[in-house]
Amino acid sequence: MSRASRLTVLAGGVDCPYLSGNHDLLKWIGDVGSLVSEFTPGSVPTRHRFLACSRALEAMSDPIEVVEAGALRVTAEAHQLGCQVKAALRPITSATSHGPHELLRTG
């Protein structure tokens, strides 16, 4: 098991998995690793909490690996924290691959 698979930072309480389809995956991670949250049990994920979750991930991770378009903001914040940033390449035709390809184009 890789180091990254042992810790998951959640955007809500540890008892409120997001998306419901991730319930089994998060249970497995909790069994073999750790589920971490800034929020109390019962706290449901919100936009504000996802942003807080991203900041926690950035602070704990080096390097940050960008895999989808929405991570460009995370990348900028990680760079400000002095973290190394890596991009996972996806097919250029995929709409979600914009972020990593943009990082590669702009350096």
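Position 1 is the first residue of the sequence, and the numbers go up from there. Here the structure is a predicted model, which is why all the values come from computation and not from measurement.
A heavy-atom distance below 4.5 Å is found between the side chains of Leu26 and Leu10.
The two residues Ala11 and Arg49 come nearest to each other via the heavy atoms O-CB, 3.0 Å.
Listed by first then second residue, pairs satisfying salt bridge (Lys or Arg N to Asp or Glu O under 4.0 Å) with a partner in residues 31-40 read Lys27-Asp31, not counting sequence neighbours.
Looking at Asp15, Val9, Val14 one by one, the single match for side chain to side chain contact (heavy atoms under 4.5 Å, CB included) with Leu35 turns out to be Val14.
For Ser37, there are no side chain to side chain donor-acceptor pair (under 3.5 Å) partners two or more places apart in sequence or in a different chain.
One distance of note links OH of Tyr18 with OG1 of Thr46; it measures 11.0 Å at 0.5 Å rounding.
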